[in-house]
K.L.:
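Quick one: this structure, given as structure tokens, is what I'll be asking you about.
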2 protein chains.
Amino acid sequence: MLTYSFDNKGKDSLYEFLYKSIRDDIVSGKLKTDEKLPSKRALAEHLSISTITIENAYNQLVAEGYIYSKPKSGFYVSAIISPAVQGSAVKNIYPAETDGADEVSYIADFSNNLASQESFPFVTWTKLMRQTMSDKREKLTFNSPSVGVRELRCAISDYLFQFRGMTADPDCIVIGAGTEYLYSLIIQLLGRDKKYALEDPGYRKIAQIYKANNVAFDYIPLDENGVDTTALKESMADVLHISPSHHFPTGIVTPVSRRYELLSWVSEAEGRYIIEDDYDSEFRFSGRPIPSLQSIDTLDKVIYINTFSKSLTSTIRISYMVLPKELMARYRKELSFYSCTVSNFEQYTLASFIQQGYFEKHINRMRNYYRAQRDKVMTSIKNHPYYDKVSIKEEDSGLHFLMSIETDLSDDELTEKARGRGVNLSCLSRYYHNRDTAPEHTLIINYSGLDKDKIDEAVERLFECI
Amino acid sequence: MLTYSFDNKGKDSLYEFLYKSIRDDIVSGKLKTDEKLPSKRALAEHLSISTITIENAYNQLVAEGYIYSKPKSGFYVSAIISPAVQGSAVKNIYPAETDGADEVSYIADFSNNLASQESFPFVTWTKLMRQTMSDKREKLTFNSPSVGVRELRCAISDYLFQFRGMTADPDCIVIGAGTEYLYSLIIQLLGRDKKYALEDPGYRKIAQIYKANNVAFDYIPLDENGVDTTALKESMADVLHISPSHHFPTGIVTPVSRRYELLSWVSEAEGRYIIEDDYDSEFRFSGRPIPSLQSIDTLDKVIYINTFSKSLTSTIRISYMVLPKELMARYRKELSFYSCTVSNFEQYTLASFIQQGYFEKHINRMRNYYRAQRDKVMTSIKNHPYYDKVSIKEEDSGLHFLMSIETDLSDDELTEKARGRGVNLSCLSRYYHNRDTAPEHTLIINYSGLDKDKIDEAVERLFECI
């Protein structure tokens with residue numbers, strides 16, 4: 001039976017310590033592939049801790065793909081490097097669509113996954129801004145270094161360490177006005193002759209940015225564990241751009257075995273890199289956030305990128321990336337002539353916001369807020385007479401879930417019909433480059449921006465359209 | 001004799017009305033090339049206005065190149081489209097230098113032409129920020145359109161009309177976090193297959209940006225009137241990137257005749273554009289600001305670009321461009337998927353700052369401040385025993401002037417020696433791509449950032465180095 005001494009668990013909670021201990025035994029090979037783990041109750045008795053603690057640890061290991069469960073049998077160790085599966089890279093030329101700048105007002109908008117702006121702590125932010133303007137006036141007279149002010153980079157580094165378990169040297173962090181701008185810096189850094197691999201389905205803007213920058217890219221299909229590595233290898237891409245912790249829009253969490261496969265891919269040729277876009281990792285509802293790919297990358301080949309525009313408010317345009325040391329040196333040599341695109345005093349304000357614990361509080365509050373939103377939407381859906389016509393998946397993280405429905409309408413007809421009724425819908429198929437492989441009749445239900453008093457009406461209208 | 005009725009001068013001052021009337025007669029051909037203008041005294045008597053008014057109008061016309069003066073003879077009408085002159089485009093491969101992100105502290109820094117930050121109205125700005133945060137909370141919950149919030153675009157349009165005599169449709173303005181970012185948008189907009197023409201000498205960062213974006217460019221030498229049009233034509237460039245109102249670092253103001261030549265060049269082939277970088281047009285010390293190239297462009301081929309980071313404070317990263325209608329349509333179609341890089345509430349704060357007249361006040365105050373700085377530096381130089389070893393030029397505008405000196409040292413030796421004495425110098429030759437044509441021993445004296453109590457010491461140290 002698994003035996004761990006909790007004496008040296010340090011500051012970790014029991015559950016966290018147990019999770020890490022089992023994980024380490026899996027990674028080191030002490031626990032073998034397909035080995036059965038003790039039942040929750042047996043292990044709880046053996047270690048003299050509660051069953052709930054064991055359950056939490058097991059759930060986290062399942063979520064991250066270290067173990068898997070067989071119904072009515074128990075938990076087993078996953079194969080950490082599993083052979084890659086079906087599918088191949090697709091390269092047709094379906095034109096990327098443009099969102100346009102038009103603002104249309106809907107009664108219910110399920111297509112928008114923006115963070116709720118009303119919950120932004122305006123009062124605190126204003127207070128910190130005022131403090132920055134008066135206390136930091138001396139510092140404000142100096143221009144921000146190209147990579148951003150040191151105070152903010154240190155605050156981000158501390159935050160990543162404490163809440164994401166990541167080691168990010170403040171001197172390897174680059175601040176920029178939005179991830180889109182940072183992508184363009186990465187393109188300049190890696191060279192325009194590199195070929196990029198994008199997820200299909202995926203966030204369409206990423207393809208638009210590479211296209212606008214005249215950079216070659218392939219779409220790589222996903223299987224249930226994320227990017228299909230066979231297709232990735234066939235594409236001859238140099239740089240893989242992914243969201244392994246919570247893929248948009250499918251919600252797939254890439255398990256650790258696939259993550260190691262991706263790291264293996266990156267090590268196979270010179271000049272390969274992975275861009276890890278971790279845009280909404282803060283908003284998982286069960287267990288700890290999934291560890292980032294960057295944190296298990298010993299090769300220094302992962303560019304980690306994240307934004308405060310999602311987690312804080314899109315009113316603020318501040319994003320950051322953590323560069324591998326080699327790329328950071330190249331940045332300093334070749335690109336540090338660029339001025340930082342974020343205003344000095346916004347950087348200092350955000351640094352105070354993080355340092356004084358407001359960011360953590362905000363994240364916790366928002367996580368609860370979004371969970372309540374999700375629960376309200378789910379309840380509303382479950383109570384609807386037509387509930388048997390839909391099925392829901394991937395509801396445990398992020399600001400959206402998927403809902404597949406029974407209908408004779410095509411996705412385009414459905415979207416059009418909904419629009420006529422003041423409901424903005426977006427279908428999963430819309431995010432596929434290769435639409436032949438796209439599942440029909442699967443709606444992306446973004447609940448983060450919904451007005452909570454209108455959720456019942458929004459759901460009612462949604463069902464009316466189906 | 002020139003006769004103008006002042007009855008319909010409207011809100012213009014006498015001097016302004018006279019300047020415009022004569023200018024229009026020159027452009028329309030009523031006044032012929034090399035025609036002599038009446039003497040100031042004669043015209044003053046004829047029109048019954050003061051000689052000072054005539055003098056101001058003539059000076060403005062000279063500054064803009066509509067007329068020229070012959071010593072002891074009088075004022076004559078310039079040739080508006082003059083034949084192009086000597087020189088040819090140079091295309092050697094001198095590597096662009098990188099400034100790096102290092103911050104070194106000098107006793108006197110003449111190499112830095114940043115706007116003085118201490119003069120930034122922190123109190124007003126903080127007040128407006130607070131107002132924005134409380135009064136505009138509703139608006140702040142909407143994301144900024146890709147091109148920036150309408151309120152700011154309207155404020156900029158009004159400002160450009162009132163103080164720069166420009167017509168800029170708010171719907172043709174694009175806001176971005178710094179001109180460097182806007183350049184990258186222009187590259188994406190015009191296409192990466194275009195060839196760019198840059199001024200030599202010029203602001204080195206511009207070349208670095210084009211290089212980092214893998215865009216082909218040529219350096220075009222300048223003659224005394226700005227970009228050498230013969231060389232420009234030979235270069236086969238598609239896009240000309242210039243600062244005609246006050247070239248950095250030479251201080252050249254491109255006269256109107258050359259401006260028309262440039263507009264003529266742009267009309268000669270499909271797909272040609274001029275990027276007019278008007279970065280410090282606000283800080284001319286005599287006469288009105290030189291009209292922008294954009295304002296005399298009837299072909300809609302000039303992209304006007306300006307920044308608040310120079311005129312207001314580099315703490316704020318807000319710049320804008322005015323696109324020709326055709327390019328604006330292309331932007332909306334192809335690039336409006338980009339999020340605006342400037343935070344929402346900074347945009348609203350700046351809009352209020354402009355609308356409530358604070359920006360104009362700030363510019364006026366800064367103009368006086370810089371003039372006083374310049375005068376103090378000039379006085380200090382003139383009172384120095386070695387004054388006969390230097391000569392000064394281009395001191396009427398911008399935040400720097402040129403000073404050529406007699407010395408046996410090379411520019412590199414001079415800079416090095418100065419650095420050893422805690423003085424940061426930059427030489428004009430440093431801004432030449434083709435250094436063979438660069439004048440030696442010409443210093444760029446940036447006075448904007450100098451501590452006014454240390455000017456005498458700074459000048460003393462400067463002379464010690466020579």
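Chain identifiers are assigned alphabetically (A, B, ...) following the order of the sequence lines, protein sequences preceding nucleic acid strands; residue numbering begins at 1 within each chain.
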K.L.:
Report the distance from atom OH of B:Tyr338 to atom OH of A:Tyr181, rounding to the nearest 0.5 Å.
P.N.:
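Atom-to-atom, B:Tyr338:OH and A:Tyr181:OH are 11.5 Å apart.
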K.L.:
For the side-chain contact (heavy atoms from CB on, under 4.5 Å) test, which of B:Thr315, B:Thr313, B:Ile316 pairs with A:Asn344?
P.N.:
B:Thr315
K.L.:
Check step by step if side chain to side chain contact (heavy atoms under 4.5 Å, CB included) holds for A:Leu140 and B:Phe120.
P.N.:
CA-CA 10 Å; A:Leu140 288 174; B:Phe120 178 67; over 6 Å; no
K.L.:
Using side chain to side chain donor-acceptor pair (under 3.5 Å) as the criterion, list what pairs up with A:Lys139, not counting sequence neighbours.
P.N.:
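Expected list: A:Glu151.
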K.L.:
Under the side chain to side chain donor-acceptor pair (under 3.5 Å) rule, collect the residues that match up with B:Asn214, sequence neighbours excluded.
P.N.:
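Expected list: A:Arg192.
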K.L.:
With a 4.5 angstrom heavy-atom cut-off, which part of B:Gln347 approaches chain A: side chain, backbone, both or neither?
P.N.:
neither
K.L.:
What residues, two or more places apart in sequence or in another chain, satisfy side chain to side chain donor-acceptor pair (under 3.5 Å) together with B:Tyr183?
P.N.:
B:Asp277
K.L.:
What part of A:Glu138 gets within 4.5 angstrom of chain B, counting heavy atoms only: side chain, backbone, both, or neither?
P.N.:
neither
K.L.:
Between B:Ile209 and chain A, with a heavy-atom cut-off of 4.5 Å, which part of the residue counts as in contact: side chain, backbone, both or neither?
P.N.:
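It is both, since atoms from each part get that close.
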K.L.:
Can you confirm whether A:Phe337 sits close enough to B:Lys211 that some side-chain heavy atom of one is under 4.5 Å from a side-chain heavy atom of the other?
P.N.:
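Not touching, per the 4.5 Å side-chain cut-off.
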K.L.:
Which of residues 128-137 of chain B have a heavy atom under 4.5 Å from any heavy atom of chain A?
P.N.:
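Heavy-atom contacts from residues 128-137 of chain B to chain A are B:Met129, B:Arg130, B:Met133, B:Arg137.
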K.L.:
How close do B:Leu335 and A:Ala212 get, counting heavy atoms only, and between which atoms?
P.N.:
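For B:Leu335 and A:Ala212, the tightest heavy-atom pair comes out as CD2-CB, 3.8 Å.
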K.L.:
Just verifying a value: how many Å separate A:Arg317 CZ and B:Ser339 OG, rounded to the nearest 0.5 Å?
P.N.:
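So the CZ of A:Arg317 and the OG of B:Ser339 are separated by 4.5 Å.
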